[in-house]
A.B. asks: 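First, the structure itself, so that you have it in front of you.
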Amino acid sequence: MSTSTDAALTPAQRFGRGVRYTIVGPVDITRGTVGLGMSSAASGASWVSRRLRAEEPAPAKRRPLLYVLIGAGVLAVGAVTFSIVRRSMRPEPSTLPPSVEITPKP
């Protein structure tokens with residue numbers, strides 16, 4: 001009397017089983033691929049976290065006045081640019097008299 005219990009498969013085992021059973025295994029292939037991607041992402045994140053902890057960067061001093069001045073400068077440059085572009089898109093009025101008679105004759 002054997003019991004067939006599905007043990008928890010690792011993503012690599014699930015992927016391999018899905019490839020073996022290609023007819024019934026598209027779900028296993030998908031789950032295995034997603035699992036491998038997730039474990040790779042977790043591994044990369046832990047590596048980055050370890051690297052950042054090892055470097056122990058000094059806390060950056062915030063300079064709110066500097067940020068306000070930079071923001072105001074960006075807004076001023078944007079306003080000047082908008083004004084120049086808007087002005088260049090307007091046609092200049094002609095100083096010549098109209099070539100066609102404006103008032104229609106009855």
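The analysis underlying the following values was restricted to heavy atoms, covering all of them including side chains, and did not include hydrogens, waters or symmetry mates. Residue numbers count from 1 along this sequence.
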A.B. asks: State, to 0.1 Å, how close G35 and P11 come at their nearest heavy-atom pair, and which atoms those are.
C.D. replies: C-CB, 3.6 Å
A.B. asks: Apart from V80 itself, which Ile, Leu, Val, Met, Phe, Trp or Tyr residues share its cluster (side-chain heavy atoms under 4.5 Å, direct or through members)?
C.D. replies: I84
A.B. asks: Just jot down the side chain to side chain contact (heavy atoms under 4.5 Å, CB included) partners of T10, sequence neighbours excluded, or say none.
C.D. replies: A12, Q13
A.B. asks: Determine yes or no for a side-chain-to-main-chain donor-acceptor pair under 3.5 angstrom, with S43 supplying the side chain and S39 the backbone.
C.D. replies: no
A.B. asks: Side chain to side chain contact (heavy atoms under 4.5 Å, CB included) with V85: which residues, sequence neighbours excluded?
C.D. replies: T81, M89
A.B. asks: Please identify each residue that fulfils side chain to side chain contact (heavy atoms under 4.5 Å, CB included) with L66, with sequence neighbours left out.
C.D. replies: R63, I70
A.B. asks: Among residues at least two apart in sequence or on other chains, which ones pass side chain to side chain donor-acceptor pair (under 3.5 Å) with S83?
C.D. replies: R87
A.B. asks: Please report the closest heavy-atom contact between R17 and L9, naming both atoms and the distance.
C.D. replies: NH1-CD1, 3.2 Å
A.B. asks: Who else is in L96's hydrophobic cluster (ILVMFWY, side-chain heavy atoms under 4.5 Å, direct or via others)?
C.D. replies: none
A.B. asks: With clusters built from Ile, Leu, Val, Met, Phe, Trp and Tyr whose side-chain heavy atoms come within less than 4.5 Å, directly or transitively, what are the remaining members of the cluster of L65, listed by chain and number?
C.D. replies: L69
A.B. asks: Could you measure the distance from the OG1 atom of T33 to the CZ atom of F15? Nearest 0.5 Å is fine.
C.D. replies: 5.0 Å
A.B. asks: Linking directly or through intermediates, with side-chain heavy atoms under 4.5 Å: list the remaining ILVMFWY members grouped with M38, chain and number order.
C.D. replies: V34
A.B. asks: S49: which residues meet the side chain to side chain donor-acceptor pair (under 3.5 Å) condition with it, sequence neighbours left out?
C.D. replies: R53
